[in-house]
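Just so we're on the same page: letters track the sequence lines, and every chain starts at 1.
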Amino acid sequence: MTARSRQIVIAVASVVAVAFVSWLIFIAFDGAAVDKRLSTLNPLSDQTQLYHDVYVLVWWLSGIVFIVIMAATLILSVLYRERPGVESRREIHGNTRLEILWTIIPIVIVLIIVVPTFGAVLSVERDAEEGALEVTATGHQWWFEFTYHDSDGNELFRTANEMHVPVEQAVNVSLVSDDVIHAFWVPALFGKKDMVPGHNNRLWFKSKPGTEGMHYGQCVEYCGDSHANMRFRVFVESRADYDAWVTNQIATAKWSDDELVDAGREVFMAKACNSCHQIEYSKSDAPDWLVPPRVAAIGPNLSHLASRTTIASGLLDRDESNLRAWLKNPPGIKPGSRMPNLELTDDEITKLIAMLDSLE
Amino acid sequence: MATATDGVGAVQAEQSKVWEWLTTVDHKKIGTMYGLTGFTYFLISGLTALAIRTQLAVPNGNVLSAELYNQFFTMHALMMIFMAIMPMGASFFNFFIPLQIGARDVAFPRLNALSYWVFLSGSLILFSSFFLGGAPDAGWFAYAPLTDSEYSVGSGLDFYCVGLIILGLSSLMASLNFAVTILNMRAPGMTMMRLPVYMWMTLIVSFLLILSLPIVTVALALLYFDRNFATNFFTPETGGDPILWQHLFWLFGHPEVYVLILPSMGIVSEVIPVFSRKPLFGYSAIVFAGAAIGVLGFGVWAHHMFTTGLGTVPTLVFTATTMGIGVPTGVKIFNWLSTMYGGSIRFTTSMYFAVSFIAMFTIGGISGVMHASPAVDSQHQDTYFVVAHIHYVLFGGAIMGIFSGIFYWWPKLTGRFLSETMGKWSFWMMFTGMNLTFFPMHFLGVSGMPRRIYTYDEGFGWDDWNMVATMGSYLLGVSILIFLVNVFRTMRQPATAPDNPWDAPTLEWATSSPPPEHDFDVIPEVHSSVPLWTNREMGIVTPEAPEGLHIHLPPPSYMPLILAIGVGLIAVGLLAHLALVGIGVAIATYGVWGWSIEPTD
């Protein structure tokens with residue numbers, strides 16, 4: 001085999017190698033996002049679908065450019081490696097037509113991306129549909145608060161870290177922050193948007209049919225010590241399930257006469273938990289001292305805590321042992337947490353858990 | 001000509017080695033100090049990265065606390081950008097601006113020394129925050145109002161403001177010096193379009209810094225005022241606007257990306273032609289593309305802010321400009337590849353790094369164009385996809401280019417060759433390590449892993465690729481160790497490198513290895529952008545130095561050091577006690593006064 005033909009074989013092998021690696025990357029990209037909680041490749045709303053279509057186009061174009069440049073680099077490296085008796089062709093040092101050609105090629109590629117991008121952005125960023133559900137999402141260090149409004153803009157109720165929406169219903173989310181910049185993101189339902197203090201951003205989305213279920217969200221703007229621990233969930237539900245949920249959320253907190261629950265309420269007041277957390281009991285049930293005036297919340301509203309699946313901003317499942325661990329030492333679980341370690345005894349924690357579990 | 005150095009040059013009194021280095025105004029010695037300092041911070045910053053990767057190797061890792069992790073990822077970026085890559089770039093600029101343009105030193109040798117000493121004091125101030133109550137922990141971008149004294153109680157962010165202002169001051173002085181030198185001190189015949197491409201990129205970088213550093217300096221001063229004097233520039237409660245910070249920061253921050261990558265583009269534009277044994281393909285296209293990148297670099301900053309609610313029109317405008325910057329970048333890549341076409345390529349370690357620069361930088365470029373589309377960005381921003389992107393640009397690009405330059409110029413700098421065998425080992429390990437570390441981050445990104453999280457839970461499906469990335473980072477660490485062994489072994493060998501071991505065409509190879517203090521006995525004539533090749537073809541021989549030639553060199557001076565100490569004290573005073581500022585001002589004033597009356601003969 002001559003040196004030249006050997007080089008050609010190596011060049012062909014290079015292309016095969018690049019193709020093989022590209023195929024592996026393709027598999028990995030595809031596999032990386034399957035069944036993942038925060039997969040960005042699982043569009044379940046009209047808005048994420050529009051953006052996903054652009055992503056797929058961009059991905060394939062990028063793949064082609066990747067293969068061409070990698071293969072060219074390898075082939076040139078192999079074909080023009082020094083060989084005895086072969087001089088470099090010094091006379092080749094420029095070609096105006098080629099320069100024009102490869103200025104135009106990237107311009108064309110860029111235009112193929114830009115045009116559909118503009119279309120998708122204009123479509124996603126337009127005003128929400130008439131009759132959209134109005135929810136205000138507030139970022140706090142380090143949890144999310146959701147305030148639901150009626151069609152006149154009056155506040156209905158507040159909840160935390162778990163947002164419920166009806167399927168196929170446009171939802172208009174106002175994004176505000178109580179302290180630093182956070183970002184609101186449920187990759188299946190909407191791309192990220194920042195919650196900037198002093199600004200009022202908004203986004204809207206409409207889930208596709210058949211998307212009922214729980215969808216994960218996460219703060220994606222670095223916001224301090226426990227940025228990593230700032231998660232939330234969105235439940236897309238049938239209209240009936242959603243209505244039932246709303247009815248329960250609007251209702252006052254359930255009053256229980258259980259002895260342990262009553263003791264829990266005593267601890268709740270004695271440890272001044274109510275200075276940050278609200279429990280909206282009915283005035284007819286509760287003694288006056290248990291029904292404080294509604295003020296801006298420092299911590300999550302607990303009126304219906306037992307209807308939620310998680311505690312500590314989506315960090316832990318809401319169960320006995322997790323609640324116990326959390327109440328024992330909140331900053332140990334969520335560093336920097338504004339909820340201090342209150343040095344609660346095991347007995348006090350048992351009482352508190354009984355009370356919290358009663359808040360359906 | 002390499003031997004004609006004895007008896008030439010300014011005669012200097014016997015001085016101790018330390019004093020010689022403290023007072024030097026020789027661009028080569030200053031370049032050496034920049035290089036050593038920068039590489040030291042590169043190693044330290046690399047160690048913080050390894051700690052970060054160790055923490056993330058498994059779910060719920062407990063190697064680092066949240067507080068320490070946040071300090072580490074912030075300082076990793078700050079050290080790599082301002083204290084490693086930029087000074088390593090400045091080191092090469094120092095060495096090769098005079099040598100490549102055929103000058104005996106930079107235009108302002110004492111200012112050059114001042115730049116280094118101010119850089120050293122600024123970097124020490126920023127680094128010392130680790131031991132003085134905690135390093136900055138709000139990310140290198142330091143978004144307000146997280147940086148306000150209400151949310152960032154310690155002094156870390158004050159170190160950030162003061163340290164970066166001082167480092168910026170140093171870069172600003174150096175950039176003015178470099179730009180003036182390149183524009184005014186070129187050898188006879190070296191027109192701008194005969195300038196080595198590396199010099200063009202240096203010039204563009206200098207202008208980028210001159211134009212962008214004032215912006216961030218203002219922003220940092222405002223932040224310092226907000227934190228310490230209760231002003232309200234960025235605090236929303238009292239009418240300030242946190243988005244203002246983002247505009248000011250990225251208006252500097254995006255050109256800064258090109259400050260980091262353009263020097264490496266310049267290096268590979270030198271290395272690829274030399275080892276392909278051909279002139280660079282499309283010299284003027286590469287130069288214009290570099291300039292276009294520099295100009296467009298000022299018009300794309302808000303693509304960092306697509307998710308902040310800019311509004312539709314600004315979003316689309318910045319989409320278009322950002323996409324546009326892909327065009328000159330593509331032109332460069334095509335020209336580098338065409339330079340290899342028809343060549344007779346010698347695969348030295350330097351060439352390996354240069355070729356892998358093309359490939360790795362292309363990957364970073366592609367992912368850059370991908371999330372220039374807000375449609376993609378709205379899902380990818382602040383995920384590991386972007387971490388992959390910046391590391392393909394800054395490791396695959398900037399660092400690979402710097403290593404290419406180190407292996408290429410080492411014989412010129414030291415008169416010794418680095419071992420090619422060990423060099424290739426370190427190259428392949430670095431190449432494999434970086435791809436193992438950073439490619440899986442694309443997968444982590446599309447599966448939604450956010451950046452800047454100190455921990456993640458099982459069940460998100462991020463475990464496997466994180467483990468792979470961590471293993472890759474250890475391999476990177478080993479490759480750097482091999483490189484260090486290579487350097488130490490090489491330095492024990494005799495200096496035997498000839499003037500022009502690679503048959504390179506630029507002027508630095510026309511003098512001895514290492515160059516004499518006055519750089520050139522006689523400055524060669526320049527008739528093209530590949531002067532040494534053209535001179536050989538045209539039979540032009542640079543004459544021998546005449547007997548008894550006296551070349552005037554600027555005398556050493558300790559005034560730059562005094563002035564830098566004064567500036568450093570002012571900075572420390574802003575962090576510790578205002579009385580120190582007064583002392584600093586007094587010392588700095590003495591430095592300026594002494595400087596101005598110092599005899600220059």
Side-chain angles (χ1 to χ4, degrees), chain A residues 28-29 32-33 36-41 51 54-55 58 62 65-66 69-70 72-73 76-77 80-82 86-90 92-94 99 102-103 106-107 110 113-114 117-118 120-121 125 180-181 183 187 191-194 196-199 201 218 220-225 227-228 335, chain B residues 65-67 70 139 143 145-146 151 236 241-243 276-279 281-283 285 307-309 312 315-316 319-320 323 326-327 330-331 333-334 337 340-347 355 358-359 362 366 370 373-376 378-379 381-382 443 446-448 450 452-455 460-461:
Chain A
F29 255 104
K36 299 293 192 290
R37 289 181 182 177
L38 287 171
S39 169
T40 60
L41 306 184
Y51 277 177
V54 177
Y55 168 80
V58 171
S62 303
V65 174
F66 174 82
I69 302 288
M70 295 304 129
T73 309
L76 290 166
S77 302
Y80 297 101
R81 181 181 275 271
E82 61 185 344
V86 179
E87 291 278 309
S88 67
R89 296 164 65 190
R90 290 200 180 200
I92 304 174
H93 56 75
E99 299 293 347
W102 57 52
T103 308
I107 290 177
V110 157
I113 300 175
V114 163
T117 294
F118 276 29
V121 170
E125 289 287 322
V180 301
I181 299 177
K192 69 170 279 198
K193 194 151 252 187
D194 292 353
V196 185
H199 288 246
N201 281 339
Q218 169 104 25
V220 273
E221 183 60 69
Y222 176 67
C223 56
D225 282 351
H227 167 57
Chain B
S65 67
E67 292 82 359
N70 295 338
Y143 277 1
L146 182 59
Y151 303 108
D241 191 347
I243 297 294
S276 301
R277 300 184 168 112
K278 276 180 65 204
F281 192 93
Y283 168 92
T307 61
T308 56
T312 312
T315 299
L316 297 183
T319 302
M323 295 270 180
V327 176
V331 168
I333 291 168
F334 289 128
L337 289 176
M340 290 163 69
Y341 172 81
S344 172
I345 304 171
R346 226 173 123 184
F347 270 102
V355 173
I358 302 178
T362 299
I366 291 173
M370 285 178 86
S373 165
V376 180
S378 81
Q379 292 287 20
Q381 203 210 347
D382 268 5
F443 309 142
V446 293
S447 53
R452 306 178 183 119
I453 54 171
Y454 74 93
T455 189
F460 281 86

Handout entry: Nearest-0.5 Å distance that lies between atom CG in B:L146 and atom NE2 in A:H227
Key = 10.5 Å
Practice task
State which residues pass salt bridge (Lys or Arg N to Asp or Glu O under 4.0 Å) with A:E99; sequence neighbours excluded, sorted by chain then number.
Solution key: none
Handout entry: Proximal component of A:V65, with respect to chain B [non-hydrogen, under 4.5 Å]
Key = both
Exercise for the section: For A:E125 and B:T312, test the side chains for any donor-to-acceptor distance below 3.5 angstrom and give the result as yes or no. Expected result: no
Exercise for the section: Measure across A:W102 and B:V331 and return the closest heavy-atom pair with its distance rounded to 0.1 Å. Expected result: O-CG2, 3.7 Å
Practice task
With a 4.5 Å cut-off on heavy-atom pairs, point out which of A:Q218, A:E221, A:R81, A:M70 contacts chain B the most.
Solution key: A:R81
Completion exercise
Highest number of heavy-atom pairs under 4.5 Å with chain A among B:G330, B:S276, B:G309 belongs to B:G309
Problem - Side chain B:Q379, main chain A:P187, donor-acceptor under 3.5 Å - result: yes
Practice task
Answer yes or no: is there a donor N or O on one side and an acceptor on the other, between the side chain of B:S344 and the main chain of A:E82, under 3.5 Å?
Solution key: no
Fill in the blank from the handout: chain B shares the most heavy-atom pairs under 4.5 Å, among A:I92, A:V114, A:V86, with A:I92
Problem - Side chain to side chain, A:H199 and A:D194, heavy atoms closer than 4.5 Å - result: no
Problem - Straight-line distance of B:S373 OG to A:Y51 OH, nearest 0.5 Å - result: 8.0 Å
Exercise for the section: Let me know if B:S65 has heavy atoms under 4.5 Å from chain A in its side chain, its backbone, both or neither. Expected result: neither
Problem - Engaged part of B:Y143 at the chain A interface, taking heavy atoms whose separation is under 4.5 Å - result: side chain
Practice task
Can you tell which part of B:Y151 gets under 4.5 Å to a heavy atom of chain A, answering side chain, backbone, both or neither?
Solution key: side chain
Fill in the blank from the handout: Most heavy-atom pairs under 4.5 Å with chain B, out of A:I181, A:V54, A:V58, A:D225, belong to A:D225
Fill in the blank from the handout: Ranked by heavy-atom pairs below 4.5 Å to chain A, first place among B:P236, B:S447, B:G282 goes to B:S447
Handout entry: Most chain B-contacting option - heavy-atom pairs closer than 4.5 Å, from A:H93, A:E87, A:K193
Key = A:H93
Handout entry: Residue selection (most heavy-atom pairs with chain B, distance under 4.5 Å) from A:K36, A:R89, A:R37
Key = A:R37
Fill in the blank from the handout: Max heavy-atom pairs within cutoff under 4.5 Å with chain A, candidates B:A285, B:P279, B:G326, goes to B:P279
Problem - Side chain / backbone / both / neither for B:P145 at chain A, heavy atoms under 4.5 Å - result: both
Problem - Expected output: side-chain B:K278 to main-chain B:G342 donor-acceptor under 3.5 Å - result: no
Practice task
Sort out for me which of A:S39, A:G94, A:G191, A:A183 touches chain B most, counting heavy-atom pairs under 4.5 Å.
Solution key: A:G94
Handout entry: By ring-ring contact (aromatic ring centres under 6.0 Å, His included) - contacts of A:F29 (at least two apart)
Key = A:W59, B:F443
Exercise for the section: Tell me, out of B:I345, B:I333, B:V327, who's got the most heavy-atom pairs with chain A below 4.5 Å. Expected result: B:I345
Problem - Interface moiety of A:N201 toward chain B, non-hydrogen atoms closer than 4.5 Å - result: side chain
Problem - Greatest number of heavy atom pairs closer than 4.5 Å to chain A - which of B:S378, B:A66, B:P450 - result: B:S378
Exercise for the section: Can you label the angle between the B:Y341 ring and the A:Y80 ring as parallel, tilted or perpendicular, going by 30° and 60°? Expected result: perpendicular
Exercise for the section: Start with the C-alpha distance between B:D382 and B:R452, add both sets of side-chain angles, then the distance that settles side chain to side chain contact (heavy atoms under 4.5 Å, CB included), and finish with yes or no. Expected result: CA-CA 8 Å; B:D382 268 5; B:R452 306 178 183 119; 3.0 Å; yes
Exercise for the section: Using a cut-off of under 4.5 Å on heavy-atom pairs, state which of B:I358, B:T455, B:L337, B:I243 scores highest against chain A. Expected result: B:L337
Completion exercise
Whatever's closer than 4.5 Å to a heavy atom in chain A on B:V446 counts as both
